[in-house]
There are 2 protein chains.
Amino acid sequence: MSPGDTRTAILDLAEELLRTRSFNSFSYQDIAAEIGIRKASIHYHFPGKEDLGVALIERFRLRAGAWASRMVERNATPAEKLEAYFQAQFEILRDEGKICAQGILSAEFNALPERMKESYMEFLEEQQQWLVRVLGKGQELGLFADDRTPEELAALIQSAMQGSLQIARASGRPERFQAVAEELVRRIFTAPETVSLPDAAAS
Amino acid sequence: MSPGDTRTAILDLAEELLRTRSFNSFSYQDIAAEIGIRKASIHYHFPGKEDLGVALIERFRLRAGAWASRMVERNATPAEKLEAYFQAQFEILRDEGKICAQGILSAEFNALPERMKESYMEFLEEQQQWLVRVLGKGQELGLFADDRTPEELAALIQSAMQGSLQIARASGRPERFQAVAEELVRRIFTAPETVSLPDAAAS
DNA sequence: GTCTATAGCGGGATAGAC
DNA sequence: GTCTATCCCGCTATAGAC
């Protein structure tokens, strides 16, 4: 194994466990068993579970930042960015049994270690602000009725996506997520057909 | 103490702990310490933690049923019922640091004991169906544009409420919940002013 | 119905050999 | 960087006295 591989393997598995079960519902033992090392070895990479949790969130933030940069490099229009955003949400659900880390972390928020709370709040803020910026540009281009502020639109979209991923998984009805996404697009855009969503069949 | 009091005290505190921290983040010890009994005494009332969890959900279901019945007795109109529904969501947030049990349980779903999963799914279904029925009646009365099915409206409302409660708490910005609720009402009703929401000041 | 006492496990974490 | 061995703690749960 090249250096960093174990660390990455730990992070990858921890991410999967976080998104399937929640932060307080998985242990170092779960990780050790799955990737074939001992608990003590995990402590070498992440001294405490809080460190692992913070590293996870920081990786989410970096990943989101890189994703946003790619959109910029492609000179994506606000409509294209929003379409990509919605499609990314569909990807999350396709990942059998998992929901977005955002949702898990905010539901479990009070039970998280202090540094994770701080890191998570920054993550949440960044996500929110990205949406606000894109929605603001979209509004200038007439994508939405201009009687709403981008902040309110962003809050609605973020909330609905998070809640419907959770409900769709728990109820075993992925089509409920589909319904919410379509409903949102229809109710927000003046010309909903500018944003195309994946088919319900997928999942 | 009259019989049943300890049981109720346990349930009340467990509900509070569930809604502040999540099911897997509180223990019998937390309850025992707070209400001044011993861990073993809790096992007398609820043999296992799973039993406590199921009892909690069953109580949520009974409570929701009683609430709906009261609406019926008052001959509430669909608009009044929906207004009451939204106002109930505001109450949840006012309860400092707590979010709705629905949200916690669906986020933690995969990490819940089997019987809790089953009970929760029935709870979710009942809530959904109540909304669908009320929205259906409202549609007949022309409260909404009739190009949407009540099922889709219900899914959107439920998701957005759940997600925004979580986000509002984690970000320490209750006004974000306010914004989402207002945005929803505005986007769903043909005459939004028929449903009045509490003021942002409250929280 | 509540208590004391304790079993038994699994959690996070550390020391020190290799 | 990974291992073995071990610590200490808190958890759920049970037995049995009162």
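All chains are named by letter (A, B, ...) in the order of the sequence lines, taking the proteins before the strands, and each is independently numbered beginning at 1.
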message: For a salt bridge (Lys or Arg N to Asp or Glu O under 4.0 Å) check, start with the C-alpha distance between A/Asp147 and B/Arg186, then their side-chain angles and the critical distance, and finish with the verdict.
response: CA-CA 11 Å; A/Asp147 64 336; B/Arg186 253 193 302 259; 6.0 Å; no

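- Between the CZ atom of B/Arg38 and the P atom of C/dT4 there is a distance of 4 Å, given to the nearest Å.
- Residues from residues 39-57 of chain B lying near DNA chain D, meaning a heavy-atom separation below 4.0 Å, are B/Lys39, B/Ala40, B/His43, B/Pro47, B/Gly48, B/Lys49 in numerical order.
- Rounded to 10 degrees, the angle separating the terminal axes of the helix from C/dG1-D/dC18 to C/dC18-D/dG1 is 0°, with each axis obtained from five end pairs.
- Regarding contacts with the backbone of D/dT2, a side-chain N or O of A/Thr6 is found under 4.0 angstrom from either OP1 or OP2.
- Remark: the backbone N or O of A/Ala107 is paired with a side-chain donor or acceptor of B/Arg169 at under 3.5 angstrom.
- Not a single donor-acceptor pair under 3.5 Å links the side chain of B/Ser159 to the backbone N or O of B/Leu156.
- To the nearest 0.5 Å, atom CG of residue A/Leu124 and atom CZ of residue A/Phe109 are 8.5 Å apart.
- In the region residues 15-33 of chain A, proximity to DNA chain D at under 4.0 angstrom, judged on heavy atoms, holds for none of the residues.
- We find the NZ-CG distance between A/Lys98 and A/Leu17 to be 9.5 Å, quoted to the nearest 0.5 Å.
- Of all heavy-atom pairs spanning B/Phe23 and B/Gly53, the tightest one is CE1-CA, 3.7 Å.
- At a cut-off of 3.5 Å, with distance as the only test, no side-chain donor of B/Gln162 or B/Gln158 sits close to an acceptor on the other residue.
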task: For the pair A/Asp12 and A/Arg59, evaluate salt bridge (Lys or Arg N to Asp or Glu O under 4.0 Å) and give the outcome as yes or no after the intermediate values.
output: CA-CA 10 Å; A/Asp12 288 346; A/Arg59 197 169 69 155; 2.8 Å; yes

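- The CZ atom of A/Phe189 sits 4.5 Å away from the CG atom of A/Leu82 when rounded to the nearest 0.5 Å.
- A/Glu182 and A/Gln178 form a side-chain donor-acceptor contact under 3.5 Å, judged by distance and modelled atom types alone.
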